[in-house]
Each structure stands twice: as structure tokens, then as C-alpha cells.
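Notes follow the structure.
This one's a predicted model, so the numbers in the text were calculated from it and none came from an experiment. Here is how names work: the chains are called A, B, and so on, in the same order as the sequence lines, proteins then strands, and each is numbered from 1.
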Amino acid sequence: MADFLTKMEDNYAQWYNDLVIKADLAENSAVRGCMVIKPYGYGIWEKIQSELDKLFKDTGHVNAYFPLFIPKSFFAREADHVEGFAKECAVVTHYRLRNRPDGRGIEVDPDAKLEEELIIRPTSETIIWNTYRNWIQSYRDLPLLINQWANVVRWEMRTRLFLRTAEFLWQEGHTAHASKEEAIEETKTIINLYTHFVQDYMGIPVLKGTKSESEKFAGAIDTYAIEALMQDGKSLQAGTSHFLGQNFAKAFDVQFTDKSGKLEYVWSTSWGVSTRLMGALVMSHGDNHGLVLPPKLAPIQVVIVPIYKGNSQLDAISSTALKIKTDLEKHGLRVKYDDRDTHKPGFKFAEYELKGVPIRLAIGPRDIENQTVEVARRDTMDKKTININNTVEHLISLITDIQKNIFNKALKFREQNTYEVDSWDEFKESIENRGGFILAHWDGTAETEEKIKNETRASIRIIPLDSQAQKGKCVYSGKASQKRVVFARAY
RNA sequence: CGGGGUAUAGCGCAGUCCGGUUAGCGCACCUGCUUUGGGAGCAGGGGGUCGUAAGUUCGAAUCUUACUACCCCGACCA
């Protein structure tokens, strides 16, 4: 058995880390805080990329690519933005190395100092808006709906695989609009798109809302976000969409002539999700047997394992297995037939469970004789034997069922770990002992938010968009409140 | 940046206090035979400048000093 996973109760962080590494997703690299995403893990990221990309294109967006390096001066243009990111930037100061005079290795050539330092992008608003100035002259150039798949670097003090690495992969959308209303509409379109993707593809239920003043993106007017509850009771921000107002347009002097001939600053948005989503996947669905992948994103949806003695048995099983594989592939399923002779069936079973493959078929001599096949589903670990002629039909409905079941299981977990709390004592007790989401009244002030955070390490994750108004009293200050907000400890 | 740890084979560790054979164990790896319906068994084998540098000593993984890297807990953050 996977003994390392029984550590879960002792140390969730360690369990998570081991799971990521042993399931072949990623490992720590030689560079502090950076990770190597391994082929299997990258396969999942590729699925996330391709499915999201389709959704972006369906909503009128196009891809482009902007430089990795940003001149330092660009950052100074938007005051809030520089304050938000200044503390965690990697900076390029030189462009050449040389041999050390004493012959012991190499050193930075002091003569090769850059006139102006280059910042390795922590996000691309500045370089993109500097470019948009030249692209936008008229209302006819709008809207500009661009997305970029890229890597960014944020020099975090503490890092964790997928959840917070110094370098990470993401997509960042940057759009420009002629009106405020249109930009706000875009911001909402995207947060809804993210909600759809995370819930319906990744099987992770999320809460959607806006961020408080102190939690919003540096340079934004409003930040919309989705938050998911992990199995250790902590919240993870899974995606954000920012309404930037005219802040960046003004900072980079991006104006257009509207229909009436008047010069106006453009309205903008930016939004993104990152490889952090893979961390969310692991933490939302993983169990003591390893990863549990939602079928829509699993690089391998069905694995077929032969059980045999000797080559003649294997040959008979293989011809059956390969026929099933072909049939399933005709219906769009991603299937692997694992006939490696170097590992025993039991080893393979455990290995694919660790990797989270949704469905496993086992075929042995008994099955050949009876015209059956054993079907095992990863999410519930149930096994059953079915008639071989029903395989395709059975699996097509099973794959849909697993996708739904994973989501429902996570939703149920979230519901069971969401509490309405009305007293400060209960708030503290709940955060400390139960974790999870707390729905509580808040007086709307940054002071109260700050005090709650200092005393409990819980922050306001989101202010729900569509929750019903409900008069109440702030759980901390006792002042009047119009609706509940969502508190949690977060990653 | 503060507090606490760790550094010995690919991974996980023992040995360090109290210096003394050829530095050991588990997993992994390689070979052979037997195995194959839930992580195989037996036998054999390979792999180490004990983080780096200097010092003490007849002798250093072990003692001293300096340096470096990494991990955990905070503050920071997608």
C-alpha cells in the first residue's frame, strides 16, 4: 500500500508534496522555488491549456506574445501596481559573463551593466499597455481582446509545488474597450468562463465574487475571483478577472477617438489562471491512493491491463484488448494498453491509481473464456465485471458519471465545511478547529478586515456577487452589515 | 528578514555525543531462476571525493572555524 499517503493526517503539506512528486507531476528543480513539470504533469497542463484556449476563442479572444523582459521604468507608471509587485521582482542588471582573473570559474562582467535594468515579468500589464498605445487610435480598433500563454516570475519567500512557485506558467488576458460598461461586462464574462471551466472540466466547485480593497489586484478598480475549498480546510484562489478602469490607459497614455470625435482613455481588463490550477486539482480530489483526475482533463482516461501467464495467453488477451482500445478511441476516449512485461498487474493497478487514471480495465484468461472484462473506477474504487460486448456503451456513460461524481463529492465536502457564524468567539473557534469557509457579516471596513486577519489568519476570500441581502451585525465590530462575506484561511 | 533544523549512493535514513577494520540499512537499479486476478520471492551484483574549504591529529563522516545550499514555522503572495 501507498504508506506515504497515510501521513495525510499528520501533515497535509507533506502529503500534498509527496503526492505531486510520486504521481509523476513535478519535482523541485535546481533553482530555488522553481519546479520541473514532468511529462505526465505537463500532459494535464496541456489539456487545461487546450480546453481553456477553445473557450477564449469562442468568446472572441486571440493569442499573442509579449516580451519576458520589462524595462524598469515601465513599472513606475502605475503607482499601485509598482507597490504591489516591487517586493517580488527578479531583475536583470548585466548582459555578459567573463572568466574570473584568478581562473576560478566565471563572474558577472562589471563592464556589462545595463543602462536600465530589466524586470522579468511578474505580470505583463505594463509592457502590453505600452504596446497598446501604438495599436489603439480609434473606436474602430476596439475592443482589443488578447490573451497570452506565458511564464512569469515572482520571487516568493516561500514556495510550494504548483501552488506557489517562483516561476509559473499561466495565461493572461489583456483587453481594451471603448466604454466602462463593456469592460465590466468583459470582466464578468471571463470570471464566468473560469467558473464554468473549473467546475465543469476540473470538477472543482467554486465560490464567485469580488475581492475586498486590500485583497484586490494591484492597479485594479475591482477584482473578481473564484475560490475553491481544499480538503485540509484552506481556501485556494483559482482564478481572477480584474476591471482596471482607465488606470493603465492613463498610465501609458492610451487614448482613442470615439464616434463623436472626442479623445478618450480606453477602459481595460486583465485576467488569468495559472499552473496553480493543477495544485487545486491535486488538493481537491486526491485521496489516500493518490491522484483522482477528472476524465475531461486526464491524459489517459482508460488504461487496459492484461493479466496473463506466458506469451500465448498474452497474445489472446492483446488482440481482445486492442480491439476494445480501437473501439473506445472511435468514440473519442483516450486509451492506453499497458502490456509491459516488466511489471506485474498489481504494480500497474497501484501505479495508475496513483496517477489518477479514471477507468481501468483488466483482462485475464478468465475474462477471455467468459467474454467479460473487469471495470474499475478510480473515484469510488468500485470494481465490477461486465460483458465484453457492452464495454464501449458502459464506459461512455461511466466516464460522464465519474466527471459528475467527482464534482458532487467535492461540492458536498464544501457544503459540509461551510458555516454561518454570528459571534466572534464562534468565529475564532471555527477557524481554528474546523477550517473551511465561514459566512459572516462584516462592517465593510479595512480596519476590521485587518484585525480579523491578524487575530485568526483568516481573510475575506470573496464578497459574493449574487448572494441575497441580509441585514445583520458585523461578527467583529457589531456594526450594521448588509450581507455575509466569505472568510477562510487561504493558500 | 526573524526563529528552528538539516546536509552521508537516485530517494529515504542510521552512524557524529565518546575520532580507530574495507562507512552501513531500506527502497530503487543490474543479472539469473521461479513468478504474474492487487505494489512478487530467492540468490548474486553495481553505485559514496560523507555539502565546500581550511585546521587539530599517527588517524576525521565524527572534533574546531568559516562558507554554501536546502527544509520547516512566521511576515509576503496566484
- Message: For the C1' atoms, the ones on B/U52 and on B/G41, what distance do you get once it is rounded to whole angstrom?
- Response: 44 Å
- Query: What nucleotide, of B/G37, B/G38, B/G39, holds the atom closest to the side chain of A/Ala362?
  - Reply: B/G37
- Item | C1' spacing across the pair B/C42 / B/G4, given as an integer number of angstrom | 46 Å
- Note on the structure: Taking B/A40, B/C72, B/A75 as options, the one with an atom nearest any side-chain atom of A/Lys344 is B/A40
- Message: Give me each pair satisfying salt bridge (Lys or Arg N to Asp or Glu O under 4.0 Å) with a member in residues 445-456 of chain A, each pair once, sequence neighbours excluded.
- Response: A/Glu215-A/Lys453
- Spacing of the C1' atoms in B/A23 and B/U49 (rounded, Å): 14 Å
- For RNA chain B, which residues in residues 41-55 of chain A have a heavy atom at a distance below 4.0 Å? none
- Query: Looking at A/His81 versus A/Phe217, is the centre-to-centre ring distance below 6.0 Å?
  - Reply: yes
- Item | Between B/C72 and B/A28 - P atom distance, rounded Å | 27 Å
- Task: Evaluate the side-chain proximity of A/Gln371 to A/Thr320: yes if any heavy-atom separation is below 4.5 Å, no if none is.
- Result: no
- Message: Tell me if the side-chain of A/Glu353 makes a donor-acceptor pair with the base of B/G39, cut-off 3.5 Å, by modelled atom types.
- Response: no
- Message: Please give the distance between the P atoms of B/A14 and B/C58 as a whole number of Å.
- Response: 32 Å
- Secondary-structure string, 5' to 3', Watson-Crick or G-U under 3.5 Å, | for another-strand partners, for RNA chain B: (((((((..((((......[...)))).((((((.....)))))).....(((((..]....))))))))))))....
- Task: Write down the distance separating the C1' atoms in B/U68 and B/C25, rounded off to the nearest Å.
- Result: 29 Å
- Message: Between the base of B/G38 and the side chain of A/Arg360, is there a donor and acceptor pair under 3.5 angstrom?
- Response: yes
- Going by number, which of residues 367-375 of chain A have a non-hydrogen atom under 4.0 Å from RNA chain B? A/Asp367, A/Glu374
- Could you tell me the separation between the CD1 atom of A/Ile363 and the P atom of B/U36, rounded to a whole number of Å? 19 Å
- Query: A/Thr189: what forms a side chain to side chain contact (heavy atoms under 4.5 Å, CB included) with it, not counting sequence neighbours?
  - Reply: A/Thr59, A/Glu185
- Message: Should the side chain of A/Lys383 and the base of B/G38 be counted as holding a donor-acceptor pair, with the cut-off at 3.5 Å?
- Response: yes
- Could you work out the separation of B/G32 and B/C70 based on their C1' atoms and round it to a whole Å? 41 Å
- Item | For A/Lys57, all residues meeting salt bridge (Lys or Arg N to Asp or Glu O under 4.0 Å), sequence neighbours excluded | A/Asp53
- Message: In whole Å, measure the gap between the P atoms of B/G2 and B/C13 for me.
- Response: 27 Å
